[in-house]
Protein chains: 2
Amino acid sequence: MARAVPETHAEILAAAGRRFAVTGYKGTSLQDIAREVGVSKATVLYHFANKEALLSELMAPELAAVVELDERIAGLGGDRAQRVAAEGFVDLAVRFRRQIALLRGEFPVLLQQPAFAHVQQISERLVAAFAGHSPHPAARVAALVVLAGIAETCGEFDDLDDDELREALLGLVRRALVPPADPPPPGSSSTQDGSTTTV
Amino acid sequence: MARAVPETHAEILAAAGRRFAVTGYKGTSLQDIAREVGVSKATVLYHFANKEALLSELMAPELAAVVELDERIAGLGGDRAQRVAAEGFVDLAVRFRRQIALLRGEFPVLLQQPAFAHVQQISERLVAAFAGHSPHPAARVAALVVLAGIAETCGEFDDLDDDELREALLGLVRRALVPPADPPPPGSSSTQDGSTTTV
DNA sequence: TCAGGGTCTGACCGATCGGTCAGGCATGCT
DNA sequence: AGCATGCCTGACCGATCGGTCAGACCCTGA
């Protein structure tokens, strides 16, 4: 009531971000968002075509950054692709950790929605780059686990500043990922492949 | 139609598992489950008090295993706790990867439900054990990322058999987690702490 | 033959969801 | 003064949700 300047659009966006972060996308109703802003649900739908439009406008900067990282990786060979992907992804995770946090546990749902259709393919390419384009189980498992783990948890470290978190994540990635180097000999399945990581 | 033996209970449970795995807990309706079995929704609610009862009966064995792991870790010091937790958790992840997969992206929601209330505390203790009870950011970040990453993705490696997956996960955990050993000197924030992991 | 319990069902309930719509109310231009 | 436009609203829509309930259909044991 008595809204000086029609900044309602931005207020709705901010409220949606806050609610999504707490109760998730599917778990947040337009009514919830409207209540938090202090307007009617119809007003939310006056400013945004539908619920999904709200989400994609909220995620636009992050989406653009991911697309840009994907383009930077495209065409790079195993070794360089892995390094660029790892450092680029850690950077995104740190910069956007608040926004990523609000997708907690909703990646599967969101990737199915039209606005995020191509993100599915991008994330697959990212995982492949993390694995250094290696088909070896150890490389693939490490790549997916680390990537998903970072995406899922980067918003939880409120007590760390950006530099501390980046440092910790980069260290983890360097230790965890297996170098693409020369593919291990097939046949023997349980070779103890020691340590030697360091991206 | 023409149900020889009343194995409906088990069929509903199995169908619920399948549906939850695809569309998630919140994204699956009792109607969906009933349709898959070929019975009415009322039948589902005849065999199970409510939707949550369905989930907790579905997860009973996994829950028991996690509780048992938690008890095994209790009272162990940093070094031993980390090794036991890591190997125990990897073992659970491999054994129950199908069941864990059906919780994809629903851990936050599920942990809030009464039937899973104490799992929240258990998982916190597990993360602490993964970090070797170390407060160092590198240890905490590695612990949470790896644990969440494994939980989130262990159901995705359909092409790997149990031994292959266990091998890959154990390798990853040994590389990624930082040993609790002697706590690093506070003050300097950006020490390159090399490699040397091996749980 | 009949009673009773286990199994299953359609019809129904209140709540909530995302979304639509006609209209109210200011403001500013002509 | 009259009119258009932007912003906002309450009332309403059909769909779907989890859950309830009275009764129908078997099978079994007395």
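Letters A, B, ... mirror the listed sequences (proteins, then strands); counts begin at 1. As a basis for the values below, the full set of heavy atoms in this structure was taken, side chains included, without hydrogen atoms, waters or symmetry mates.
- Taking the ring axis of B:F20 as reference, the NZ or CZ atom of B:K26 does not stay both within 45° of it and closer than 6.0 Å to the ring centre.
- The same ILVMFWY cluster, assembled from side-chain heavy atoms under 4.5 Å apart, contains both B:V37 and B:V44.
- Using a 4.0 Å heavy-atom cutoff across all strands shown, B:L30 reaches sugar-phosphate atoms only and no base atom.
- Residues A:A49 and B:S40 each lie close to DNA chain C; by heavy-atom proximity, the contact nearer the 5' end of the strand is made by B:S40.
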Between A:D32 and A:K41, is the salt bridge (charged side-chain N to carboxylate O under 4.0 Å, His left out) condition met? List the steps.
CA-CA 8 Å; A:D32 291 335; A:K41 187 182 68 171; over 6 Å; no
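- Nearest approach of A:L165 to A:C154, heavy atoms of both residues: CD2-O, 3.9 Å.
- Contact check, A:T43 against D:dC7: no side-chain N or O comes under 4.0 Å of OP1 or OP2.
- Of the listed nucleotides (C:dC17, C:dC8, D:dG19), C:dC8 has the atom at the smallest distance from the side chain of B:H47.
- Looking at the side chain of B:K41, the nearest of the listed nucleotides D:dG18, C:dT20, C:dC17 is D:dG18.
- Comparing C:dG18, C:dC8, C:dG19 against the side chain of B:T8 picks out C:dC8 as the nearest.
- Between its two ends, the helix from C:dT1-D:dA30 to C:dT30-D:dA1 turns its axis by 30°, counting five pairs per end and rounding to 10 degrees.
- Checking B:H47 against B:E57 by side-chain atom types alone, no donor-acceptor pair falls below 3.5 Å.
- Comparing D:dG18, D:dG19, C:dG19 by their nearest atom to the side chain of B:N50 picks out D:dG19.
- Evaluation of atom-type donor-acceptor distances gives no pair under 3.5 Å for the side chain of A:K51 against the base of C:dG19.
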